[in-house]
Amino acid sequence: MTYNSFLPGYVVQLLADRPRVPPLVHRGNGVVLFADIVGFTPMSAALADAGPEGTEELSEILNSFFARMIDLVSGYDGTVAKFAGDALTALFPFGSTARGTVRRAVGCALGMQAATRGFQAMATRAGIFPLAMRAGLGGGRVLAAV
């Protein structure tokens, strides 16, 4: 049975590495990427005022936006750890070298910002809203809890 559709990648790897130990808490080294959509709040407020159709449109925009970001994180061998409104947190556990992991995380952040250019002028029923992506990275000791 595969768990890839139901669990974050790092949890699947922990299960493979230690099948008899439940991966409730993992301590290790890695890079955490924090990304946030700039311009989301005014757009969401305007679409909320547009009623149910605006809410549905907002959901479609977020789903499209985050689908692209999830693909990028996965493509750089990271795992999306959490979504919070218009933000996401991704984890890049240290691989064979810390330098390689840092490069992958930075490449992912830059790729996410480049992908956001396709959302620069979001035309919605409530108007046109500029969106951008801010990203921050932190590296070192990581505690991942499931």
Side-chain angles (χ1 to χ4, degrees), residues 2-17 23-146:
T2 180
Y3 297 105
N4 290 337
S5 298
F6 306 103
L7 299 171
Y10 70 92
V11 175
V12 173
Q13 188 61 49
L14 288 172
L15 285 169
D17 292 346
L24 300 178
V25 175
H26 171 69
R27 287 181 171 86
N29 293 309
V31 177
V32 178
L33 182 153
F34 303 96
D36 181 65
I37 303 172
V38 178
F40 178 79
T41 302
M43 181 182 69
S44 64
L47 286 170
D49 289 344
E53 293 85 9
T55 303
E56 183 64 31
E57 186 174 4
L58 181 62
S59 293
E60 290 172 11
I61 291 168
L62 269 180
N63 288 341
S64 173
F65 191 88
F66 280 132
R68 180 71 183 115
M69 300 307 138
I70 291 166
D71 288 344
L72 282 165
V73 170
S74 296
Y76 282 93
D77 294 330
T79 298
V80 174
K82 180 179 179 180
F83 291 100
D86 66 332
L88 71 80
T89 303
L91 174 62
F92 296 83
F94 279 174
S96 57
T97 67
R99 178 173 282 185
T101 303
V102 170
R103 283 185 179 162
R104 284 188 293 110
V106 169
C108 182
L110 293 172
M112 291 169 81
Q113 288 181 325
T116 305
R117 290 187 193 113
F119 294 87
Q120 273 183 323
M122 284 302 305
T124 71
R125 70 181 67 245
I128 297 174
F129 297 90
L131 299 180
M133 171 70 69
R134 283 197 190 123
L137 299 161
R141 198 87 174 120
V142 175
L143 170 67
V146 178

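Keep in mind that what you see is a predicted model, and the values were worked out from it rather than measured. In this chain, numbering begins with 1 at the start of the sequence shown.
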For side chain to side chain contact (heavy atoms under 4.5 Å, CB included), just list the numbers for Phe65 and Leu88, CA-CA rounded to whole Å, side-chain angles, deciding distance to a tenth of an Å, and then say yes or no. CA-CA 11 Å; Phe65 191 88; Leu88 71 80; over 6 Å; no
Between the CE atom in Met69 and the SG atom in Cys108, the distance rounded to the nearest 0.5 Å is 9.0 Å
Quick one: are the ring centres of Phe66 and Phe83 less than 6.0 Å apart? yes
Hey, what do you get for OG (Ser44) to CG (Leu62), rounding to the nearest 0.5 Å? 8.5 Å
If we ignore hydrogens and angles and just use 3.5 Å, is the side chain of Thr79 paired with the main-chain N or O of Ala81 as donor and acceptor? no
Pair Phe92-Tyr76, ring-ring contact (aromatic ring centres under 6.0 Å, His included): steps then yes or no: CA-CA 8 Å; Phe92 296 83; Tyr76 282 93; 7.5 Å; no
Test your reading of the model: is there a side-chain donor-acceptor pair from Ser64 to the backbone of Glu60, 3.5 Å cut-off? no
Phe94 side chain reached by Val142 side chain, heavy atoms, under 4.5 Å: no
Taking every heavy atom of Val31 against every heavy atom of Ala105, the minimum-distance pair comes out as CG1-CB, 3.5 Å
Under the side chain to side chain donor-acceptor pair (under 3.5 Å) definition, can you give me all pairs with a residue in residues 99-112, not counting sequence neighbours? Thr101-Arg104
Can any side-chain N or O of Gln120 pair as donor or acceptor with the backbone N or O of Pro130 at less than 3.5 Å? no
So do the side chains of Arg141 and Asn29 get within less than 4.5 Å of each other, counting heavy atoms only? yes
Is there a donor-acceptor contact under 3.5 Å from the side chain of Glu57 to the main chain of Arg125? yes
May I ask you to test the Leu131-Val38 pair for a side-chain heavy-atom distance under 4.5 Å? no
Measuring only between side-chain heavy atoms, which start at C-beta, is Thr89 closer than 4.5 Å to Val80? no
Using the rule given for side chain to side chain contact (heavy atoms under 4.5 Å, CB included), can you reason through Met43 versus Ile61, listing the C-alpha separation, both sets of side-chain angles and the distance that settles it, and then say yes or no? CA-CA 10 Å; Met43 181 182 69; Ile61 291 168; 4.0 Å; yes
For Arg68, which residues count as a salt bridge (charged side-chain N to carboxylate O under 4.0 Å, His left out) partner, sequence neighbours excluded? none
Flag the pair Val102 / Leu137 as yes when at least one side-chain heavy-atom distance between them is below 4.5 Å, and no otherwise. no
Starting at CG of Leu33, measure out to CE of Met112 and round the result to the nearest 0.5 Å. 5.5 Å
Any donor-acceptor N/O pair, Thr116 side chain to Phe119 backbone, under 3.5 Å: no
To the nearest 0.5 Å, what is the distance between CG on Asp77 and CG on Leu91? 12.0 Å
Validation row: Thr124, Ile128 side chains within 4.5 angstrom (heavy atoms): no
Heavy atoms only: give me the nearest Met133-Ala35 pair and the separation to one decimal. SD-CB, 3.3 Å
